[in-house]
Amino acid sequence: MRERGGVSDTDNQPDDGRDDGPGNEPRAASGTAPDGPPAAGGPLDAAELRRRVADLVAAHDPTTMTSVEFLGHRFDAGLAWVHFPVGCGGLGASRALQQVVEDALIAAGAKVVSAYRNPIGLGMGAPTIVAHGDAESRARLLRPLWTGEEVWCQLFSEPGAGSDLAGLATRAMRDGDGDWIVTGQKVWTSLAHKARWAMLLARTDPDLPKHQGLTYFFLDMTSPGVEVRPLRQATGQAEFNEVFLTDVRVPDAHRAGEVGQGWAVSNTTLMNERVAIGGGAAPREANAIGAVARMWRDRPELRTPGLHDRLLRAWVECEVARLGNERIRQQLAVGAPGPEGSAAKIAYARLNQDVTRLWLELTGEEGLGYDEWTMRRSDMGQATLGARAPGYYYLRAKGNSIEGGTSEVLRNVIADRVLDLPREPRTDTKVAWKEMPR
Amino acid sequence: MSEPTIPSLLYGEIEEELRATLRELLRDRCGWHDVLARIDTDEAYDEGLWKAVAAELGLAGLLIPEEFGGAGAGPREVAVALEELGRAVAPVPFLASAVLATSALLACPAGAARDTALRALAEGTRTATLAVTATTWPEAGFPLSVTGAWEDGELSLTGAVTGVLAVDRAELLVLPVIVAGEPHLALVAGDAANLARGAVTSLDATRPVGQVTLDQVRARVLAGPEHAERALGHAVRYGAALLASEQLGVAEQALAEAVGYLKVRHQFGRPIGSFQALRHRAADLWSDLASARAAARYAAACLAEDSPDAAVATALAQAYCSEVAVRTAEECVQMHGGIGFTWEHPAHLYLKRAMASALLLGTADRHRATLGALVDLPPAI
């Protein structure tokens with residue numbers, strides 16, 4: 001299955017709450033097209049990029065420095081995101097050439113960048129900064145984001161704004177000197193307790209309809225008035241946080257995009273959430289189905305006819321889903337991405353829930369136990385397979401159909417964008433946000 | 001558990017060209033009105049269409065090597081043809097002749113009878129069928145219902161087979177028989193003396209089944225004991241694997257019909273496609289179709305590569321695609337409401353084809369059981 005990085009954070013989708021026609025689709029990474037001149041040198045083809053990687057490694061031997069230091073040099077050489085503009089860690093090259101750089105770095109023995117430390121910053125923060133940040137923000141924010149020195153989180157979801165993200169209530173009000181004063185509560189925030197920066201969506205004009213009164217900011221998480229509390233889940237652990245914002249001062253220079261354009265800016269962020277695609281095909285019987293299949297083989301005394309039928313059905317569904325993901329990957333590789341990603345996410349959630357329930361039923365008496373309820377923080381999302389008791393995976397799977405877009409919202413995405421079915425009538429898009437029932 | 005690298009699950013350029021050509025032909029000559037009208041006649045098959053598909057487009061010979069006048073293509077191309085034929089619920093004996101009988105013949109050792117038959121099939125001048133009960137599955141035992149005896153150097157067959165696809169139409173029957181206690185495959189002419197055959201009224205009138213009875217019918221041997229079981233298993237597995245692509249085509253068309261209707265049908269002052277109860281079900285069907293396509297493509301690709309995973313891929317595709325086709329066709333009826341339950345609407349064509357196909361060449365449950373054995377997930381004791 002496609003990994004959601006374990007940190008897919010909210011159930012927000014850019015799709016819900018918009019009252020747009022098909023011609024108004026958000027453009028993934030629309031602002032990441034090269035807008036700076038290529039650096040001096042030959043044409044930016046694969047050979048040239050390999051030459052630049054060789055120069056980088058020759059000048060900064062990665063075996064003699066920390067990975068943060070090397071990543072910094074890599075950024076300065078424009079080899080972080082080659083399709084980003086010069087000065088933003090890129091060269092204004094084709095996005096397709098990124099893999100050339102990665103391969104050349106591996107061949108040179110340089111440490112490969114892992115999104116482990118800063119997945120939200122790398123996946124969603126950087127494209128948003130490049131597309132919508134001003135020159136000062138780009139210069140200040142991108143390099144430490146890339147090196148992982150400054151972790152990012154995303155302050156979108158609220159207790160009152162889940163699937164209906166555009167209904168959010170966190171207020172940003174301008175004070176006398178042009179700065180913004182932000183007050184509100186955010187929730188389901190991965191890595192907030194580690195983050196130096198946040199992508200913040202706040203309401204700047206409650207008199208406008210909900211999509212039009214939003215503005216997007218980069219928030220310094222060390223600002224006075226920011227309080228981060230762990231959010232304990234049904235599993236007992238805390239992968240996420242609640243973030244309370246009380247009269248937090250945000251300089252106007254940290255605004256991304258125009259006032260009132262926050263919804264469009266957030267689409268850059270969320271569309272990039274969806275284009276994150278894993279590497280190769282997962283092997284057969286990866287994920288929970290493998291654990292259940294192994295238990296079935298090793299423990300004949302647990303087998304019943306009914307569970308056998310369910311196991312075979314689940315095995316079929318998991319294998320078909322794996323092939324479906326591989327087909328998506330193959331389409332992307334030839335540059336023809338289809339809309340199957342939303343379907344794959346729905347299928348993953350449903351299957352993981354079915355299979356983990358089957359696992360628990362098969363486990364029987366041991367399934368009555370649980371490893372521990374003590375609240376522990378988890379920085380990197382759900383536990384890897386084998387690390388916890390089966391009950392944990394059963395409980396954790398309940399989040400799969402909620403996080404990163406609920407299955408219901410994703411069905412709407414397919415109905416709207418793929419099947420082009422008529423939209424549901426809306427009552428919330430023309431009325432002032434403050435007039436809406438909440 | 002290790003499995004081979006996944007081959008391409010996309011459609012190649014030649015496959016897309018084949019699809020475009022066939023789709024155009026079917027659009028012109030096989031609209032659902034034509035299919036529906038034929039059910040009320042005595043002619044189950046559209047002979048003109050079959051001639052165009054088999055001979056003029058040369059699709060009967062897709063699997064047949066060029067040395068026998070075939071196209072020398074492969075299962076991937078056949079799969080695409082089946083998608084389109086399924087989409088149109090085309091009343092032609094393609095599955096019986098160009099897939100089942102042809103793949104059985106190809107798995108038999110070379111010989112005059114076989115080679116002549118292959119040439120005739122490739123030309124499209126003859127139609128064949130594999131004379132087995134169509135609900136058989138790849139792991140089923142060798143059929144015992146027809147026996148053969150040698151009389152004056154000639155093979156003579158006696159017995160009966162029921163539930164055979166296209167049996168009343170085929171000029172050539174590839175028939176599994178037992179001779180002296182050993183499995184054989186024999187070739188029989190459809191109009192041979194002492195052979196009686198006829199179609200029965202069938203759930204899917206666009207692809208009827210029938211029975212054949214033989215009372216000392218002369219036949220030629222295609223495969224003896226050393227090849228017969230393997231050749232039959234090969235043909236049934238080929239048929240099952242590729243039927244998944246036809247099921248995909250049926251499901252695609254059923255969903256397209258349903259979605260089209262959801263956009264135009266108004267109730268309560270709104271297009272019914274704006275009701276979330278229907279939107280979400282349509283979205284789920286579309287998701288299932290995306291998965292079914294991956295499963296069907298994988299099965300076809302595994303056949304094409306003669307992959308060691310072909311048996312798993314076949315069982316997987318059948319276990320999944322036949323249920324998707326039935327579910328989609330059933331939803332197509334329901335989403336249409338009253339009109340979808342009438343004879344004059346095509347929804348029942350998709351439903352009948354989908355449901356009958358689910359019984360063909362092994363039910364989903366049979367294929368799940370096969371998978372259990374193949375991937376070491378044995379039943380409860």
Side-chain angles (χ1 to χ4, degrees), chain A residues 280-281 283-285 290 292-294 296-297 300-309 311-313 315-317 319-331 333-334 336 338-340 342-347 350 407-408 410-416 418-425, chain B residues 1-3 5-10 255 258-259 262-264 266 269-276 278-298 309 312-313 315-317 319-321 323-324 364-365 367-369 371-372 375-381:
Chain A
R284 182 172 283 170
E285 290 192 9
V292 183
R294 280 189 294 280
W296 184 269
R297 291 173 190 131
E301 76 281 6
L302 299 175
R303 300 173 190 164
T304 69
L307 290 179
H308 187 238
D309 186 59
L311 173 60
L312 291 175
R313 287 175 184 273
W315 197 95
V316 166
E317 295 249 6
E319 181 62 7
V320 166
R322 184 179 79 94
L323 294 170
N325 284 345
E326 171 61 13
R327 191 160 190 278
I328 294 171
R329 229 176 53 79
Q330 292 180 0
Q331 284 176 313
V334 298
E340 283 88 350
S342 294
K345 202 271 180 181
I346 296 172
R350 181 174 52 77
S407 294
E408 288 72 19
L410 294 177
R411 287 187 181 98
N412 282 342
V413 172
I414 294 169
D416 290 344
V418 181
L419 302 177
D420 195 23
L421 285 169
R423 308 279 170 127
E424 280 188 284
Chain B
M1 169 169 312
S2 69
E3 68 281 343
T5 317
I6 301 176
S8 172
L9 305 176
L10 308 179
L255 180 61
V259 167
L262 293 181
K263 292 178 185 177
V264 298
H266 281 64
R270 293 158 58 177
I272 59 173
S274 69
F275 288 97
Q276 204 170 54
L278 293 170
R279 290 160 58 82
H280 281 191
R281 277 158 56 194
D284 282 341
L285 293 173
W286 183 83
S287 305
D288 293 346
L289 272 181
S291 295
R293 180 171 291 105
R297 284 272 88 191
Y298 184 60
D309 209 36
V312 168
L316 186 76
Y320 192 77
C321 296
E323 293 195 345
V324 168
D365 196 53
H367 286 285
R368 278 193 294 272
L371 263 182
V375 303
D376 186 27
L377 295 172
I381 297 127

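Everything quoted here is computed from the prediction, not taken from an experiment. Proteins get letters first, then strands, A, B, ... in listed order; numbering begins at 1 in each.
Looking at B:R368, its side chain never comes within 3.5 Å of a backbone N or O of A:D309 through a donor-acceptor pair. Listed for the B:Q276 side chain is no donor-acceptor partner under 3.5 Å among the backbone atoms of A:E424. Side-chain atoms of A:R411 do not come within 3.5 Å of backbone N or O of B:A283 as any donor-acceptor pair. The main-chain N or O of B:P7 is found under 3.5 Å from a side-chain atom of A:Q330 such that the two form a donor-acceptor pair.
Across all their heavy atoms, A:P422 and B:L262 have their closest contact at CG-O, 4.2 Å. When every heavy atom of B:I6 is checked against every heavy atom of A:R322, the shortest pair comes out as CD1-NH1, 3.6 Å. In terms of heavy atoms, B:H280 sits closest to A:N412 at NE2-OD1, 2.9 Å. Closest of all the heavy-atom pairs between A:L421 and B:G273 is CB-O, 3.8 Å. Residue B:L9 comes nearest to A:L323 through the heavy atom pair CD1-O, 3.4 Å, listed as atom of the first residue, atom of the second, then distance. Between B:L377 and A:W296, the shortest heavy-atom distance links the atoms C-NE1, 3.8 Å.
Only the side chain of A:L311 comes within less than 4.5 Å of a heavy atom in chain B; its backbone stays farther off. Contact annotation for A:E301: neither backbone nor side-chain heavy atoms come within less than 4.5 Å of a heavy atom of chain B.
Interface remark: of the candidates B:A295, B:A294, B:A319, B:A317, B:A294 forms the most heavy-atom pairs closer than 4.5 Å to chain A. Among B:A282, B:G372, B:P378, the residue with the largest count of heavy-atom pairs under 4.5 Å with chain A is B:P378.
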Can you check salt bridge (charged side-chain N to carboxylate O under 4.0 Å, His left out) on A:R284 and B:D309, steps first, answer last? CA-CA 12 Å; A:R284 182 172 283 170; B:D309 209 36; 2.7 Å; yes
For side-chain contact (heavy atoms from CB on, under 4.5 Å), just list the numbers for B:L316 and A:W315, CA-CA rounded to whole Å, side-chain angles, deciding distance to a tenth of an Å, and then say yes or no. CA-CA 9 Å; B:L316 186 76; A:W315 197 95; 4.0 Å; yes
Evaluate B:E323 against A:R313 for side-chain contact (heavy atoms from CB on, under 4.5 Å), listing each step before the verdict. CA-CA 11 Å; B:E323 293 195 345; A:R313 287 175 184 273; 3.7 Å; yes
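Taken to the nearest 0.5 Å, the CG atom of A:L419 stands 12.0 Å off from the CG atom of B:L278.
Side chains of B:H367 and A:V316 form no contact here, defined as non-hydrogen atoms less than 4.5 Å apart. The side-chain heavy atoms of B:R279 and A:D416, taken from C-beta on, include a pair separated by under 4.5 Å.
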